[in-house]
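Here the structure comes first, spelled out in structure tokens, and everything after it is commentary.
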Amino acid sequence: MVDIKALRENPEEFRNALIKRQMPTDLLEEILNLDEERRRLITETNQLRAKRNELSREVAKLKKSDTDASTLIEESKQIGERIKAIENRLSEIDGRVNYLLLSFPNPPHESVPVGKDETENVVIRQWGEPRRFSFEPRAHWDLGPQLGMLDFDRAAKLSGSRFVILRKELAQLERALINFMLDLHTREHGYVEIMPPHLVSRESITATGQLPKFEEELYNTQPDDLFLIPTAEVSLVGMHRNEILFEADLPLKYVAYTPCYRREAGSYGKDVRGMVRVHQFNKVELVWFAHPEKSYEALEELTSHAEEVLKRLKLPYRVVELCTGDLGFAAAKTYDIEVWLPSYNDYKEISSCSNTEDFQARRGNIRYRARDNSLRHPHTLNGSGLAVGRTLIAIMENYQTEDGKIEIPDVLRPYMNGLEVIG
RNA sequence: GGAGAGGUGGCCGAGCGGCCUAAGGCGCUUGCCUGCUAAGCAAGUGUGGGAGUUUUUCCCACCGAGGGUUCGAAUCCCUCCCUCUCCGCCA
């Protein structure tokens, strides 16, 4: 959530933020108009309340001295009615302003390249070389079923399209990847491992920014109105909702493995084959609560932690900085990590690392007590470390052999009982 | 699902119609003292909002959430949410 005070004092900056994001600016104008009316009405009710409080004190005095106070009481009553009338209008405005503020995207950081869409993202660095195959490489959606280890048909029977069943060594490899990633981040990168709930309340998921604007992307459960998390970021950030942290404890670094559930409502034509885009996938997620002055260093560090997974798996990747037009709603700055996929003959997103600055902390009322005793919002960062399903795809396709088998990357063999090849 | 208890500042906890401008303690900050640390002593320390000033300030709201009663609510009434204990069911 943006800071209404900052918005009021510097509307031009926020208007530019919307323009850079290729978004209409009408919600900004509406907020400014309502905010002005709101402040006028607040001033008015404050004055009326002050008057009423004064009358009340006098009534108390008169009653003590057994004097008639009916005139004052009558006046006080009338003031009460006026207050109520204004309050009705005020709560209407509050509701609307709040909704608009919750719908306002995070302004991009000044370092973010301005651009209209994903074609203007900037490649920052590249690691490894795509493998040159001496044969025609198979796509994972051919290779998996051939091995009898990916089953899209039965998954569709169970749940519909965009679901997948893993079998045998491929299921085991998915589990190995999860453990490998968790071990790396907890043992070498200093993260605290969390196993959080996958069902969260409306309030929790509003804090991270998925609500109120993107409800159609979420699975909602009734009658409890709980949401299946689209990413563990929701649970990890939400953990500290309405809390006051200690400055000395920052940064807090969490890692969690969870499944992620996404309706993929707007993506009917995209990635229709295979398990690149499915409604349920596993992910290991990294989240930081960082000191505001150190959050951009933190973003570099977090991104490097995600990259380290790919380096150890020896999977070629590149890091892309998203331009303003492609930036997610809650992010001030984002690096996407893209892994090489032979089936796409291109790099494909496998991690997205973002600094949301105080955007989520504000929405979630997460603060910390600074050394001078003041309260401030920490910055929150999140990144996949990594999307497990897509990592599995990358291994299948990049490590495949001519006879349709899959070599197991060295670092995963201890997690596979020493197995070297699948198939 | 049933019965009971409870939700008050960063934390613990008192208050149960106007003297609450929320006691007291812990913690935290600063200073003093001090081989270091700890202890001790002193002072300070709630949040949010509005108006003004940009140094000093004034006003309003907030005691789980929302309604209600009242001239006036942390305090009384209603609804809801959450936590804990016990019972039932259950992996």
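All chains are named by letter (A, B, ...) in the order of the sequence lines, taking the proteins before the strands, and each is independently numbered beginning at 1. Heavy-atom basis, side chains included; hydrogens, waters and symmetry copies ignored. None of the values given here were measured: they were computed from a predicted structure.
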Task: Donor-acceptor pair between N106(A) and E357(A) side chains, under 3.5 angstrom - done: no
- [ ] Sticking with atom P, work out how far A61(B) lies from G67(B), rounded to a whole angstrom.
- [x] 15 Å
Task: Pairing partner of U83(B) (Watson-Crick or G-U wobble, both distances under 3.5 Å) - done: A5(B)
- [ ] Round to a whole Å and report the spacing from NZ of K51(A) to P of A51(B).
- [x] 22 Å
Open item on the list: Looking only at the side chains, is there a donor atom on one of E285(A) and Y254(A) sitting less than 3.5 Å from an acceptor on the other?
Closed with: no
Open item on the list: Suppose we define a pair by two distances each less than 3.5 Å, Watson-Crick or G-U wobble; what does G24(B) pair with here?
Closed with: C12(B)
TODO: Counting Watson-Crick and G-U wobble pairs only, both distances under 3.5 Å, name the nucleotide matched with U30(B), or none.
DONE: A42(B)
- [ ] Compare the minimum distances between each of G50(B), C71(B), A61(B) and the side chain of S56(A), then state the nucleotide with the smallest one.
- [x] C71(B)
TODO: Tell me what L72(A) touches on the nucleic acid: a base, only sugar-phosphate, or nothing, going by heavy atoms under 4.0 Å.
DONE: nothing
Open item on the list: With a cut-off of less than 4.0 Å, is there a side-chain N or O of R371(A) near OP1 or OP2 of U29(B)?
Closed with: no
Task: L90(A) CG - A61(B) P separation (whole Å) - done: 14 Å
Open item on the list: Can you measure N46(A) atom CG to C58(B) atom P for me and round it to whole angstrom units?
Closed with: 15 Å
TODO: Using a strict 4.0 Å threshold on nitrogen-to-oxygen distance, state whether E81(A) and K84(A) make a salt bridge.
DONE: no
Open item on the list: Parallel, tilted or perpendicular, judged at 30° and 60°: which one describes the rings of H198(A) and Y261(A)?
Closed with: tilted
Task: Nucleotide forming a Watson-Crick or wobble pair with U56(B), both distances under 3.5 Å - done: none
TODO: Round to the nearest Å and state the distance from I244(A) atom CD1 to C28(B) atom C1'.
DONE: 12 Å
Task: Sidechain-backbone polar pair: E233(A) side chain, G383(A) backbone, donor-acceptor under 3.5 Å - done: no
Open item on the list: Does a side-chain N or O of N53(A) approach OP1 or OP2 of C71(B) to a distance below 4.0 Å, or not?
Closed with: no
Open item on the list: With rounding to the closest Å, how many angstrom separate the P atoms on U30(B) and G13(B)?
Closed with: 29 Å
Open item on the list: If the test is side-chain hydrogen bond (donor to acceptor under 3.5 Å, both in side chains), which one of H279(A), R277(A), R162(A), K270(A) qualifies with E264(A)?
Closed with: R277(A)
- [ ] Provide the distance between the two P atoms, one in G66(B) and one in A74(B), to the nearest whole Å.
- [x] 13 Å
Open item on the list: Using heavy-atom distances to pick each residue's nearest nucleotide on RNA chain B, tell me which of L55(A) and D3(A) is more 5'.
Closed with: D3(A)
Task: Complementary nucleotide for A74(B) - Watson-Crick or wobble, under 3.5 Å - done: none
Open item on the list: Once you apply a heavy-atom cut-off of 4.0 Å, does R362(A) come out as touching a base, just sugar-phosphate, or nothing?
Closed with: nothing
TODO: Could you measure between the two P atoms, the one in A43(B) and the one in C86(B), and give it in whole Å?
DONE: 46 Å
Open item on the list: In this structure, how many angstroms lie between the P atom of U47(B) and the CZ atom of R376(A), rounded?
Closed with: 15 Å
TODO: Could you check which nucleotide pairs with C19(B) in any of the strands shown, counting Watson-Crick or G-U wobble with both distances under 3.5 Å?
DONE: none
Task: Spacing of E36(A) atom CD relative to G50(B) atom C1', expressed in whole Å - done: 14 Å
Task: Atom C1', compared across G48(B) and C63(B): separation rounded to whole Å - done: 14 Å
Open item on the list: Could you tell me how far apart R40(A) (CZ) and G50(B) (P) are, to the nearest whole angstrom?
Closed with: 15 Å
Open item on the list: Suppose you measure atom P in A39(B) against the same atom in C78(B); what distance do you get, rounded to whole Å?
Closed with: 48 Å
- [ ] Give a yes/no on whether any side-chain N or O of R369(A) is located under 4.0 angstrom from OP1 or OP2 of C11(B).
- [x] no
TODO: Tell me what L375(A) touches on the nucleic acid: a base, only sugar-phosphate, or nothing, going by heavy atoms under 4.0 Å.
DONE: sugar-phosphate
- [ ] Determine the Euclidean distance between corresponding C1' atoms of G68(B) and G9(B); express it in Å to zero decimal places.
- [x] 27 Å
TODO: Please state whether the phosphate of A51(B), meaning OP1 or OP2, lies under 4.0 angstrom from any side-chain nitrogen or oxygen of R39(A).
DONE: yes
- [ ] Would you kindly give the CD-to-P distance between E87(A) and G50(B), to the nearest whole Å?
- [x] 16 Å
TODO: Map S76(A) and A370(A) onto RNA chain B by nearest heavy atom, then report which one ends up closer to the 5' terminus.
DONE: A370(A)
- [ ] Pick the P atom in G52(B) and in U47(B), then give their distance to the nearest Å.
- [x] 23 Å
Open item on the list: Looking at R367(A), I'd like to know whether one of its side-chain N or O atoms comes within less than 4.0 Å of OP1 or OP2 on G48(B).
Closed with: yes
Open item on the list: Closest approach to the side chain of A50(A), judged atom by atom: which nucleotide of A51(B), C60(B), G72(B) is it?
Closed with: C60(B)
